[in-house]
Every structure is written in C-alpha cells, then in structure tokens.
There are 2 protein chains.
Amino acid sequence: MALEQSDVRSRKWDRTRAEILDAAWELARRDGVGAMSLRELAARVGMRAPSLYTYFPSKNDLYEAMYRQGMQQFADAIQDTPPGRDARETLANRSRTFARMSLQDPVRYELLFQRPIPDFAPSAESLDIGLTGLAETRQFAIEAGVRTQAAFDIYVSMNRGLIEMQIANEPGGDRWARLIDDALEMVVEHFASKPQRRKR
Amino acid sequence: MALEQSDVRSRKWDRTRAEILDAAWELARRDGVGAMSLRELAARVGMRAPSLYTYFPSKNDLYEAMYRQGMQQFADAIQDTPPGRDARETLANRSRTFARMSLQDPVRYELLFQRPIPDFAPSAESLDIGLTGLAETRQFAIEAGVRTQAAFDIYVSMNRGLIEMQIANEPGGDRWARLIDDALEMVVEHFASKPQRRKR
DNA sequence: GTCTATATTTGGATAGAC
DNA sequence: GTCTATCCAAATATAGAC
C-alpha cells in the first residue's frame, strides 16, 4: 500500500526536524545550552537561520522540543531498568540509571533539572513525562523501607547531590560518582532498619 | 592627622565601587546573574553605562568582584559559626550556616557553586578564600568520626543535594531544607558508628 | 569622573522573492 | 522550503568632549 504524498512530505519534515534537534544537542554540549545561537545551529545542518522557522516557530519551541526529548530519554531509561530480586535492588538499579544518564550528558541534566534559561519554562505536558516513572520509583522505595515522603526526598537528594558535585567540580571524573552506590545504600539502610515516625 | 587628598579620593572611589557592587547583587537577584546588563546596572546607581568602566575594567571584572565578595561572606559566616560542645556539634553548626547562607541568597549560591556564566571563571585567589574554612570543617568532621575523604564528600554532597533541590524546585520553601539536620546526622551516625576501611 | 555619541557584535525574528 | 535582505533590539566596549 503506497503512502500518501502528504505522508511522504511529513516524514521528510520529521526527519529534518530530528536532524536539527540532534545538531542542537551537539551545539549545546559544546557551548552550553544558553549559548546556542540559531545562526550556528542552522549552519550545522546546512541551512540559514530563517529556514529553521519552518520547523520550530521560535527558539523557545526548540528548547521545549529538547526538553521533551531529554525527559523522554530519562523516562525510557528509568522504565527500561531491569528489576532486581527485591524492591531494594530495583530501587538501586533505577538510581544508578538516573546517575548514569545524568553524568553521560551533563548538558541534558542541566536543561532538565536546573533552570539554565531564564526565559524558558517547560510545558506541563513535558514535565509530566517523568512522573509515572517517578511514582513507580517511589513505590519501590516504600517497599524497600524508605516509606515517608521526607525519607524519599532525602534519598533523591543524596543521589542528586553526588551527581551535581561530580558535574560541577570534576566533569568526566568519578570522585563523587563512585560513591553513589554506597551512599544510597546508607540511606536505605538508615530508614529501613528502624520504624519511621510520622512526625517528629 | 589630616588625610591626604589621594586618600580622600580613593575612599570615595571605594564607596562608589561598593555601591555599584550592591546594585549588581540586587539586579542579579531580580533577573538572574547571567541576565544582568551594564546599562541597567548603571541606571540603578544614577550613571550611564560607560561610567562603570571607571570602577570595573570589564564585565568579567565585575563578576570577579561579586564572586570574591560572595566567597568572603561565606568564609566569614562559616568561621564565625559558634563551636558546639564537641566536634560533631561544631560540624552540624557549620553545615547549618552553609545551608542558611545558600538559601538566603540563591543567586549568590549559583554564582559561587555552579557555573552560570560560560565566559567567566573566578581567579585562583578568589577560589582560595574558602579553603581555610573548608579545611577546618574537614578537621571537625574527622574528629566527629567522618574520617575519610570519601565520607566527607558524601557528607558535603548530602548538604548540597538538599540545598539544590530546595532552590531548584521550591525556592523560598522548606520541604527539603527542613530535612537537612536529620539527613546530616544520619551521615555522621553512619560513619561514626562503625570503623571505616580505607579501600573496599 | 561622567557624559554623549558611536563602534561593533550578536542575537532572534520577519518579509518577500524564488 | 529555502533563500537573501533586513529589521529591531540589546549587549559590551571605546573615543573624545567637558
């Protein structure tokens, strides 16, 4: 069954759009996400700047597409993480995946979890992409004995703290990254080994 | 004993410079440290942009002055932190001071501990300002039972993680900030209550 | 020391021809 | 869809008068 012409056209359009997006990530990795210019981005895909507007109505829409794609990559990776023999292992595996994804591409981490561009705010729809995986992870944490929201917040902050120290102070190294497993196990052990009170 | 005329002049120059620096912090707090323009900064102190060059040779020199000042404020606050009854309390007090300073002015935190401006790198001299206080804190940590560099890195990362989660997700709130004391105590307890092996 | 005027660069975005 | 040409805004920084 032959494709409609409009389908062919839109598939080409999609491919070009994806190519621009790839080039945008490359450029962001080189110069920082805030220092990316449409002129240079266009040059990288063999175009002039105005042609980009065929694919993205504005620069913020480009950021939005990058944000959504990055968020989707995180969500996919988290949900593709193999479960362990118990909830505690599954939680550890997911945390490792999050750390690996973060360290693998610090610029993506920056765009998703810090606020590097003052004028850009991701859409609620894009923000939602990660919520399902996060809710699942929270359930594994509960099963692993990290029961309260506060305990889970500490757990997540421990992971994030080591990741951000690694990225900020020694990108590409492992001084902080190599501590992640032990540090997270410490948190789980702390909360799992004793009953948690609801209030203090 | 009368001041030399050159002293009078330089004191006025110092005052104006300090006034510009204050206005720069105000502006950075409002717009973000990367979105600060010299035109608006000048307007805030009743000047035109070119006049600022009498006090700062370039915008990067202004950033450098801000960085140094912010670093000095952190160093002073840390070293003015009252000691506790033992090393563990002193360590906790210092960590609380660091967190309080961070949350009190997130833009200062950002300038000092993240890299918000791609073209700006602080001088080695400015970076050194915090080193003495950090080395002292490390000593208190050792006395408190947080002996290895890795253990101290985890301790610091726990504090930083909670601070950054608070700033990034809920500036002005306390969802993560209120967990700092307990989380840091958990880390100290973990390392202090058992002998630490040098390697794993 | 401060000003006006301006150089220079760079950015996002649009108009309209092809 | 892509281009050239251009607009418009904003930024840092400098020259030279006062």
Side-chain angles (χ1 to χ4, degrees), chain A residues 3-24 26-28 30-67 111 116-121, chain B residues 3-24 26-28 30-67 111 116-121:
Chain A
L3 291 166
E4 302 288 340
Q5 194 177 30
S6 63
D7 289 341
V8 175
R9 276 206 193 111
S10 70
R11 273 157 57 120
K12 169 138 195 298
W13 188 88
D14 286 346
R15 274 206 315 274
T16 307
R17 198 170 189 272
E19 194 187 335
I20 293 168
L21 216 43
D22 286 348
E26 268 184 51
L27 202 54
R30 201 197 59 183
D31 296 341
V33 64
M36 185 177 53
S37 88
L38 295 184
R39 279 175 162 79
E40 185 161 5
L41 173 56
R44 293 219 158 194
V45 292
M47 281 181 184
R48 304 291 187 147
S51 305
L52 296 177
Y53 286 79
T54 302
Y55 302 94
F56 300 94
S58 76
K59 198 184 186 186
N60 264 350
D61 290 280
L62 173 64
Y63 284 135
E64 166 67 20
M66 293 175 76
Y67 189 95
L111 178 64
I117 300 144
D119 292 340
F120 166 67
Chain B
L3 291 166
E4 302 288 339
Q5 194 178 31
S6 62
D7 290 340
V8 174
R9 276 207 192 112
S10 70
R11 273 160 56 124
K12 168 134 197 301
W13 188 88
D14 287 345
R15 274 206 316 273
T16 307
R17 199 169 188 272
E19 193 188 334
I20 293 168
L21 216 43
D22 286 349
E26 270 183 49
L27 203 53
R30 200 196 62 182
D31 296 341
V33 64
M36 185 178 54
S37 88
L38 295 183
R39 284 189 207 297
E40 185 160 5
L41 174 56
R44 292 217 159 194
V45 293
M47 281 181 186
R48 304 292 185 146
S51 305
L52 296 177
Y53 286 80
T54 303
Y55 303 95
F56 300 95
S58 76
K59 198 184 186 184
N60 265 349
D61 290 280
L62 174 63
Y63 284 134
E64 166 68 19
M66 293 175 76
Y67 189 95
L111 178 64
I117 299 144
D119 293 340
F120 167 68

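Note on naming: letters A, B, ... go to the chains in the order of the sequence lines (proteins, then strands), and numbering restarts at 1 for each one.
Atom CE in A/M47 sits about 7 Å away from atom P in D/dC3, given to the nearest Å. Computed from coordinates, the A/W13 CH2 to D/dG1 P distance equals 8 Å when rounded to whole Å. For the pair B/I117 CD1 and D/dA11 C1', the computed distance is 14 Å after rounding to whole Å. In this entry the distance linking CZ of B/F56 with P of D/dT12 reads 14 Å, nearest Å. For the pair B/I20 CD1 and C/dG1 P, the interatomic distance rounds to 11 Å; values are reported in whole Å. Remark: P of C/dT10 and CG of A/D31 are 13 Å apart, rounded to the nearest angstrom. Rounded to an integer number of Å, the gap from B/K59 NZ to D/dT12 P is 4 Å. In this structure, the CZ atom of B/R48 is 4 Å from the P atom of C/dT4, given to the nearest Å.
Taking every heavy atom of both residues into account, B/I20 and B/Y55 meet most closely at CD1-CD1, 3.5 Å. Of all the heavy atoms in B/Y63 and B/V33, the pair that sits closest is OH-O, 3.2 Å. The shortest non-hydrogen separation linking A/L38 to A/L52 is O-CD1, 3.4 Å.
Picking from C/dG12, D/dT12, C/dC3 the nucleotide with the shortest atom distance to the side chain of B/L38 gives D/dT12. Across D/dT14, D/dA13, D/dT12, the shortest atom-to-atom separation from the side chain of B/P50 is found for D/dT14.
Within 4.0 Å of A/Y55, counting heavy atoms only, lie sugar-phosphate atoms of the nucleic acid but no base atom. The residue A/S58 sits close only to the backbone: its heavy atoms come under 4.0 Å of sugar-phosphate atoms, none of a base.
Using a 4.5 Å heavy-atom cutoff, the side chains of B/T16 and B/M47 are in contact.
For the pair B/S37 and B/P57, nearest-nucleotide mapping onto DNA chain D gives the more 5' position to B/S37.
Heavy atoms from other residues, nucleotides or ligands lying under 6.0 Å from CZ of A/R30 number more than 12.
No hydrogens or angles were tested; on distance alone, a donor-acceptor pair under 3.5 Å links the side chain of B/R39 to the base of D/dA11.
A close approach under 4.0 Å does occur between a side-chain nitrogen or oxygen of A/S51 and OP1 or OP2 of D/dC3.
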